Amino acid sequence: QLQLVESGGGLVQPGGSLRLACTAPDNWLGDYTVTWFRQAPGKEREGVSCITKSGQITDYAEPVKGRFTISRDNAKKTVYLQIDSLKPEDTAIYYCAAVFSYYCSNYIHDFQSWGLGTQVTVSS
């Protein structure tokens, strides 16, 4: 199991932006597909965006298309999620997860390595 740490969450007004980061300080994250998930109160965890180890394949959930951008810097052992045009419904705990794979996945049970999450709150 990888050691993953999320950062970058906070309280933001609607329309604002955040840049989340997922790091693996003690592992070579470049060998793994990484997916961002989020979980709002009272709702199940849902996949938001994924990126393959090469960064050549990315995928986004429909509610975030055009607003979220996933990227990675393997040399820095970091996967980023740039979030723009935030909406109140984006409020959730955001988690990153990693799996050794060549393909994108948003299926929760594919992942064994999870961070503890970072809170994103969108409110005026």
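Predicted, not measured: the structure shown is a model, and the values here were computed from it.
Of all heavy-atom pairs between Ala24 and Leu29, the closest is CB-CB, 4.0 Å.
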Check against side chain to side chain contact (heavy atoms under 4.5 Å, CB included), Leu86 and Leu18: CA-CA 8 Å; Leu86 278 160; Leu18 286 172; 4.1 Å; yes
When you look at Leu20 and Trp36, which way does the side chain to side chain contact (heavy atoms under 4.5 Å, CB included) test go after all the steps? CA-CA 10 Å; Leu20 308 184; Trp36 285 94; 3.7 Å; yes
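Remark: the backbone N or O of Ala97 is not paired with any side-chain donor or acceptor of Thr35 at under 3.5 angstrom. Thr52 places no side-chain N or O within donor-acceptor distance of the main-chain N or O of Thr33, the cut-off being under 3.5 Å. Here the side chain of Ser54 pairs a donor or acceptor atom with the backbone of Gln56 at under 3.5 angstrom. Between the Ser49 side chain and the Ile70 main chain, no donor and acceptor come within less than 3.5 Å of each other.
Cluster annotation: Ile93 and Leu4 are assigned to distinct hydrophobic clusters (Ile/Leu/Val/Met/Phe/Trp/Tyr, side-chain heavy-atom contacts under 4.5 Å, transitive). Val79 is connected to Ile83 through a chain of hydrophobic side-chain contacts under 4.5 Å among Ile, Leu, Val, Met, Phe, Trp and Tyr, so both are in one cluster.
Separating the CG atom in Leu2 from the CG atom in Asp26 is a distance of 9.5 Å, to the nearest 0.5 Å. The CZ atom of Phe68 lies 10.5 Å from the OH atom of Tyr60; values are rounded to the nearest 0.5 Å. With values rounded to the nearest 0.5 angstrom, Arg38 atom CZ is found 13.0 Å from Arg45 atom CZ. Going from atom OH of Tyr95 over to atom CD1 of Ile108 covers 10.5 Å, rounded to the nearest 0.5 Å.
Every ring-ring contact (aromatic ring centres under 6.0 Å, His included) that Tyr32 has, sequence neighbours left out, goes to Phe100. In this structure Tyr102 satisfies the ring-ring contact (aromatic ring centres under 6.0 Å, His included) test with no other residue, sequence neighbours excluded.
Within the structure, no pair that satisfies the side-chain hydrogen bond (donor to acceptor under 3.5 Å, both in side chains) test touches residues 3-14, not counting sequence neighbours. The disulfide (SG to SG under 2.5 Å) contacts involving residues 36-86 comprise Cys50-Cys104, where partners must be two or more places apart or lie in separate chains. The side-chain hydrogen bond (donor to acceptor under 3.5 Å, both in side chains) pairs that include a residue from residues 68-89 are Ser17-Asp84, Arg72-Asn74, Gln82-Asp84, where partners are two or more places apart or lie in different chains.
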Kindly list each side-chain donor-acceptor pair under 3.5 angstrom involving residues 114-124, sequence neighbours excluded, with atom names and distances?
from: Trp114; atom 1: NE1; to: Phe111; atom 2: O; distance (Å): 3.3
from: Thr118; atom 1: OG1; to: Gly9; atom 2: N; distance (Å): 3.1
from: Gln119; atom 1: NE2; to: Ala92; atom 2: O; distance (Å): 3.4
from: Gln119; atom 1: NE2; to: Thr121; atom 2: OG1; distance (Å): 3.4

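Remark: Gln39 CD is packed, more than 12 non-hydrogen atoms of other residues, nucleotides or ligands lying under 6.0 Å away.
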